[in-house]
Student: 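One structure follows; several queries about it will come next.
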Amino acid sequence: MHISTDAGVFDAIAAGPPGGRPVLLLHGFPQTGRAWRRQLEALAAHGYRAVAPDQRGYSPGARPRRPADYRIDALVDDAVAITEELGWTTFDLVGHDWGGAVAWWTAHTHPGRVRTLTVVSTPHPGALSSALRTDQDQRERSQYMISWRETPATEEHMLADDARELRGLYAGKVPQNSAETYVRHLSEPGALTAALNWYRAGRPDARIGAVDVPTLYVWSTQDSAFGPAAARETGAWVNGPYRFETLQGVSHWVPEEAPETLSRLLLEHLRGHGEQRTAANSPWPTSPKR
């Protein structure tokens, strides 16, 4: 599907009955909405309406050139604009990697719209900031972000030799057909630069506080980007009901490496909080536009 907003046209994949309880899923780097395909299937099977857009820069129709256009407030505005175009006044929000950061900020700034929050891998930004100040392990894990942000030739390095470096980021944990799809997508002119502009956009102007919505945070022990210090502290940044799940022996690529486990946890979280109506047992009062 294609979702038109003032910021541009976002490509997306969707599953489930149009009248089902709405769920928005936000991907990270270097992927697309395809990363959520197994969760989309699980949500649709239980009557939810799930939509996973290709976010700003990943959708050709929403690909500004300036790094400043990828600041977190713009990314949050995109998420809200997409749901408004879909006709969703409230929604459940799910995010992984950079999509997780956008999800934290969206839940913080729009708590009246976000029914529940599920974040995979990415700790609360406040917890991550604390860990970067106090934990040497997290500083070492995050060094790649500084390198990507400050090296103009990052794109060339990643795409050289048939995108060997880009392919290596998936570490064999992402299904081969998906990895090939991501590489093709990010090899399009301007696509990888746009994706890296998320790192180059600079720090947020505002500070994020604790979130109040029911929150599920899923972290995995083999995550190379986010260590245990920030993961453990994340609960201190959630005022609402909070559930922290640790997946042993799983890498950063949780949605595709452990899809059944993540889908089960997500469905449990959704059932436990918010309105229980879905298209399977009760009509939604207003159908989405798409």
Side-chain angles (χ1 to χ4, degrees), residues 1-18 20-41 43-44 48-107 109-110 113-115 117-120 122 178 181-201 255-256 287-290:
M1 62 190 302
H2 305 286
I3 305 170
S4 297
T5 73
D6 289 342
V9 179
F10 292 87
D11 300 334
I13 51 178
R21 174 173 157 179
V23 184
L24 183 71
L25 301 99
L26 304 177
H27 69 86
F29 177 89
Q31 298 174 289
T32 66
R34 177 187 173 91
W36 297 110
R37 68 197 184 287
R38 296 289 295 276
Q39 287 72 44
L40 290 169
E41 294 170 356
L43 289 165
Y48 293 88
R49 177 62 169 176
V51 176
D54 293 350
Q55 295 196 78
R56 178 175 292 226
Y58 294 84
S59 286
R63 186 175 289 165
R65 293 188 176 184
R66 300 186 309 157
D69 291 325
Y70 294 82
R71 295 179 70 86
I72 195 67
D73 56 340
L75 306 174
V76 170
D77 288 346
D78 288 345
V80 173
I82 286 169
T83 61
E84 289 177 343
E85 178 62 23
L86 293 170
W88 299 353
T89 56
T90 58
F91 55 95
D92 298 286
L93 181 58
V94 184
H96 172 249
D97 189 78
W98 260 113
V102 177
W104 283 116
W105 278 93
T106 303
T109 55
H110 298 276
R113 297 185 64 101
V114 178
R115 182 184 292 109
L117 174 66
T118 299
V119 180
V120 185
T122 315
S178 291
T181 299
Y182 300 145
V183 169
R184 286 196 303 272
H185 186 92
L186 292 169
S187 296
E188 297 172 0
L192 185 54
T193 294
L196 288 167
N197 279 343
W198 287 54
Y199 295 92
R200 296 165 174 162
E256 293 176 289
S287 295
K289 291 182 182 179
R290 300 176 186 273

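Not measured: the values here are computed from a predicted model.
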Student: Please test Ile72 against Trp104 for side chain to side chain contact (heavy atoms under 4.5 Å, CB included), starting from the C-alpha separation and ending with a verdict.
Tutor: CA-CA 10 Å; Ile72 195 67; Trp104 283 116; over 6 Å; no
Student: Kindly say whether Tyr58 contributes a backbone atom to a donor-acceptor pair with the side chain of His185 at under 3.5 angstrom?
Tutor: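 Between the backbone of Tyr58 and the side chain of His185 there is a qualifying donor-acceptor contact (under 3.5 Å).
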Student: For Val94 and Asp92, what are the C-alpha separation, side-chain angles and deciding distance, and is it a side chain to side chain contact (heavy atoms under 4.5 Å, CB included)?
Tutor: CA-CA 7 Å; Val94 184; Asp92 298 286; 5.6 Å; no
Student: Within the distance-only criterion (no hydrogens, no angle test), does the side chain of Thr32 pair as donor or acceptor with the backbone N or O of Arg34 below 3.5 angstrom?
Tutor: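 Between the backbone of Arg34 and the side chain of Thr32 there is a qualifying donor-acceptor contact (under 3.5 Å).
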Student: Do side-chain atoms of Thr83 reach the backbone of Val80 as a donor and acceptor pair under 3.5 angstrom?
Tutor: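 Between the backbone of Val80 and the side chain of Thr83 there is a qualifying donor-acceptor contact (under 3.5 Å).
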Student: How far apart are the C-alpha atoms of Asp73 and Trp105, what are their side-chain angles, what is the distance that settles it, and do they pass the side chain to side chain contact (heavy atoms under 4.5 Å, CB included) test?
Tutor: CA-CA 8 Å; Asp73 56 340; Trp105 278 93; over 6 Å; no
Student: Check whether any side-chain heavy atom of Leu93 lies under 4.5 Å from a side-chain heavy atom of Thr118, and answer yes or no.
Tutor: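 With C-beta onward as the side chain, the pair stays apart.
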Student: If we only count heavy atoms from C-beta on, is the Ile3 to Ser59 side-chain gap below 4.5 Å?
Tutor: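 Of all side-chain heavy-atom pairs linking Ser59 with Ile3, none is under 4.5 Å.
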Student: With a 4.0 Å cut-off on N to O distance, would you call Glu84 and Arg113 a salt bridge?
Tutor: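 Salt bridge present between Glu84 and Arg113.
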Student: Using only atom types and a distance under 3.5 Å, with no angle test, would you say the side chain of Arg56 pairs donor to acceptor with the backbone of Asp69?
Tutor: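 A pair under 3.5 Å: yes.
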Student: Compare all side-chain heavy atoms of Val51 with those of Leu86 and state whether any distance is below 4.5 angstrom.
Tutor: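 In short, these two side chains touch, coming nearer than 4.5 Å.
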Student: Side chain of Arg71, backbone of Ala201: donor and acceptor closer than 3.5 Å?
Tutor: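 Yes; at least one donor-acceptor contact below 3.5 Å.
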Student: Given side chains that start at C-beta, do those of Leu26 and Trp98 come closer than 4.5 Å, heavy atoms only?
Tutor: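 No, side chains not in contact.
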Student: Mind listing the closest non-hydrogen atom pair of Pro255 and Gln39 along with its distance?
Tutor: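 Closest approach of Pro255 to Gln39: O-NE2, 3.2 Å.
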Student: Determine, using ring centers only, whether Phe29 and Tyr199 are less than 6.0 Å apart.
Tutor: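 Centroid distance Tyr199-Phe29: below 6.0 Å, so yes.
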Student: Which value, rounded to the nearest 0.5 Å, describes the distance between Glu256 atom CD and Ser178 atom OG?
Tutor: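 It comes to 4.5 Å.
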Student: So, taking the atom named CZ in Arg63 and the one named CG in Asp54, what distance separates them when rounded to the nearest 0.5 Å?
Tutor: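 Arg63 CZ to Asp54 CG: 9.5 Å, rounded to 0.5 Å.
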Student: Does the side chain of His2 come under 3.5 Å of the side chain of Asp11 through a donor N or O and an acceptor N or O?
Tutor: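 Short answer, yes.
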Student: Measuring only between side-chain heavy atoms, which start at C-beta, is Val119 closer than 4.5 Å to Thr122?
Tutor: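 Answer yes - side chains close enough.
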Student: Has Gln55 got a side-chain atom pairing as donor or acceptor with His27's backbone, closer than 3.5 angstrom?
Tutor: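 Confirmed, Gln55 side chain pairs with His27 backbone.
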Student: Determine whether Arg49 and Trp88 make a side-chain contact, defined as any pair of heavy atoms from C-beta on separated by less than 4.5 Å.
Tutor: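 Arg49 reaches Trp88 side chain to side chain.
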Student: Report yes or no: does Thr5 contribute a side-chain atom to a donor-acceptor pair with the main-chain N or O of Gly8 at less than 3.5 Å?
Tutor: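 Here the side-chain-to-backbone pair exists.
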Student: How long is the straight-line distance from CZ of Arg66 back to CZ of Arg200, given to the nearest 0.5 Å?
Tutor: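 Going from the CZ atom of Arg200 to the CZ atom of Arg66 covers 15.5 Å.
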Student: Do the non-hydrogen side-chain atoms of Phe10 and Met1 ever get within less than 4.5 Å of each other?
Tutor: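 No, their side chains stay 4.5 Å or more apart.
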Student: With no hydrogens and no angle check, is any side-chain donor or acceptor of Tyr70 less than 3.5 Å from a backbone partner on Pro64?
Tutor: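 Indeed, once roles are kept as given, a pair shorter than 3.5 Å links the two residues.
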Student: Can you check whether Leu25 reaches Leu40 side chain to side chain, under 4.5 Å on heavy atoms?
Tutor: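 Yes, close enough: below the 4.5 Å cut-off.
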